[in-house]
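Each residue takes its place number in the sequence, starting with 1.
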Amino acid sequence: MAERGQTKFQIDLRRHLREQAVDRNLTRLITEIAEASKYIINSIRTGDLGVAGTSNLYGEQQLALDVLADRILEKRLKYSGVVASLVSEESGDILRFHPEQEGPYYSVAYDPLDGSSLVDVNLAVGTIVSIYAGDNLLQPGRQQVAALYILYGPRTTLMYSTGNGVHEFAMNQLMEYSLVQEHVRIDGGSGIYSPGGQRNLYTPGTEAFVRSLEERGYKLRYSGGFVPDINQVMIKGKGVFLYPHLQNRPRGKLRLLYELNPMAFLVEQAGGAASDGHRPILDLVPQKIDDCAPVFIGCREDVAAAEACIAAQG
Ligand code: AFP
């Protein structure tokens with residue numbers, strides 16, 4: 001297994017998926033998304049930061065980059081020949097296709113550029129993708145067959161799992177994704193915490209949990225971008241991210257289909273946990289495509305401590 005930092009004999013993403021005996025159509029789907037990221041990188045590096053003038057279903061002004069990244073991914077997925085339906089955080093409607101290719105087909109929920117409001121202050125952003133077999137997107141996250149994220153930071157990295165561990169890749173000078181490390185693990189220990197949402201709106205249980213972390217010497221690390229903040233927990237192998245239920249926002253902020261389910265799949269595959277404060281994120285049954293949920297995600301012991309504080313104090 002490659003130690004982090006060494007590229008293992010330049011194993012690229014397609015070869016790794018083949019070696020993992022991933023289904024041919026799922027391999028095609030994941031590599032199409034990886035290809036799309038090259039165009040998203042280009043739009044981030046050179047794109048217009050002006051507001052696109054449209055808004056997504058949450059009423060947020062769509063930056064030109066949101067729209068651009070969404071179009072890039074939608075086009076790639078539509079013409080991949082293996083996607084039966086897709087839904088994007090930007091579009092809000094489920095698009096259905098009739099792929100000509102031989103099955104199996106997949107359905108994809110994605111956030112094309114999560115944290116897009118951070119681009120104009122030059123902070124890291126990412127693409128988050130959740131993949132199901134068949135054409136039903138309103139399934140519990142535990143039914144996902146794969147999940148991945150791409151982090152556009154000082155380096156562009158990709159983290160994926162098809163249910164056999166989580167594997168990290170870095171984009172090289174030729175814009176290919178080369179394997180950096182296999183079987184990323186979150187083993188715990190005193191680490192970092194990423195407290196999303198306004199602290200003064202935390203419930204007593206969440207407040208008690210955060211105070212316990214600080215008393216144990218955890219350091220606050222919060223960028224405002226879900227992908228870089230989760231990636232930090234994955235690579236450091238410890239710590240916890242939370243965007244909890246707030247006094248004025250009992251469902252929290254993060255979206256179940258596009259953000260929480262894929263990240264919960266990856267984190268659980270890395271030996272961590274993801275909870276809404278009471279139960280695993282992956283067991284939540286989505287009612288609508290824009291469902292939100294509170295989230296405590298990262299080291300298994302830290303997530304269990306959060307659940308205990310919330311059970312005791314709400
Ligand atoms: P945007 O995509 O609207 O920038 O929101 C990013 C995000 O969904 C997620 O990436 C962050 O973890 C979270 O919101 C940050 O929310 P706050 O700005 O309320 O801290």
(request) Salt-bridge test for E307 and R279: reply yes if a basic N is under 4.0 Å from a carboxylate O, no otherwise. (result) no
(message) Would a single hydrophobic cluster contain both V121 and I41, if residues Ile, Leu, Val, Met, Phe, Trp and Tyr are joined by side-chain heavy-atom contacts under 4.5 Å?
(response) yes
(message) Using the rule that Ile, Leu, Val, Met, Phe, Trp and Tyr join whenever any side-chain heavy atoms are under 4.5 Å apart, tell me whether M171 and L174 fall into a single cluster.
(response) no
(message) Between L266 and M263, is there a side-chain heavy-atom distance shorter than 4.5 Å?
(response) yes
(request) Evaluate whether atom CZ of R185 has more than 12 neighbouring non-hydrogen atoms of other residues, nucleotides or ligands under 6.0 angstrom away. (result) yes
(request) Would you check if Q20 and H167 make a side-chain contact, meaning some heavy-atom pair closer than 4.5 Å? (result) yes
(message) Hydrogens and angles aside, do S85 and Y105 bring a side-chain donor and acceptor to less than 3.5 Å of each other?
(response) no
(request) With rounding to the nearest 0.5 Å, note down the distance linking OG in S275 to CG in L242. (result) 11.5 Å
(message) Assess, by modelled atom type and distance only, whether the side chains of S88 and D70 contain a donor and an acceptor separated by less than 3.5 Å.
(response) yes
(request) Please answer whether the main-chain N or O of I192 pairs with a side-chain N or O of R221 as donor and acceptor at a distance below 3.5 Å. (result) no
(message) Ring centroids only, cut at 6.0 angstrom: are F169 and H16 within range, meaning strictly under it?
(response) yes
(request) Indicate, with yes or no, if F265 and L138 share a hydrophobic cluster defined by side-chain heavy-atom contacts under 4.5 Å among Ile, Leu, Val, Met, Phe, Trp and Tyr. (result) no
(message) Just by distance, no angles: are the side chains of Q144 and S130 close enough, under 3.5 Å, to form a donor-acceptor pair?
(response) yes
(message) Is it the case that the side chains of Q287 and D291 hold a donor-acceptor pair, with the cut-off being a distance below 3.5 Å and no angle test?
(response) no
(request) Classify the side-chain pair H245/T203 by whether it contains a donor and acceptor separated by less than 3.5 Å. (result) yes
(message) When you compare the side chains of D12 and Y177, does any donor N or O come within less than 3.5 Å of an acceptor on the partner?
(response) no
(message) Please determine whether the number of non-hydrogen atoms from other residues, nucleotides or ligands lying under 6.0 Å from atom OH of Y39 exceeds 12.
(response) no
(request) Give a yes or no on whether Y79 and L68 share a hydrophobic cluster (residues Ile, Leu, Val, Met, Phe, Trp, Tyr; joining criterion: side-chain heavy atoms under 4.5 Å apart). (result) no
(message) Please find the pair of heavy atoms, one from D229 and one from G224, that lie closest to each other, and give the distance.
(response) OD2-N, 3.4 Å
(request) Decide salt bridge (charged side-chain N to carboxylate O under 4.0 Å, His left out) for R199 and E207; before the verdict, give the C-alpha distance in whole Å, the side-chain angles of both, and the deciding distance to 0.1 Å. (result) CA-CA 8 Å; R199 185 82 176 261; E207 186 53 41; 3.1 Å; yes
(request) Begin from the C-alpha positions of D290 and K288 and carry the test salt bridge (charged side-chain N to carboxylate O under 4.0 Å, His left out) through to its verdict. (result) CA-CA 5 Å; D290 59 349; K288 307 189 299 333; 3.7 Å; yes
(message) Do S107 and D135 pair up side chain to side chain, a donor and an acceptor below 3.5 Å, judged on atom types alone?
(response) no
(message) Checking D302 now: which residues fulfil salt bridge (charged side-chain N to carboxylate O under 4.0 Å, His left out) with it, not counting sequence neighbours?
(response) R216
(message) Is the shortest side-chain heavy-atom distance between P280 and E268 below 4.5 Å?
(response) yes
(request) Assess the side chains of Y152 and T127: does a donor N or O sit below 3.5 Å from an acceptor N or O? (result) yes
(request) Before giving the answer on side-chain contact (heavy atoms from CB on, under 4.5 Å), spell out for Y149 and L158 the whole-Å C-alpha distance, their side-chain angles and the decisive distance to 0.1 Å. (result) CA-CA 6 Å; Y149 64 75; L158 179 149; over 6 Å; no
(request) Check the side chains of Y193 and E214 for a donor-acceptor pair under 3.5 angstrom, ignoring hydrogens and angles. (result) yes
(message) Taking L282 as the starting point, is it possible to reach F226 by hopping between hydrophobic residues whose side chains are less than 4.5 Å apart?
(response) no
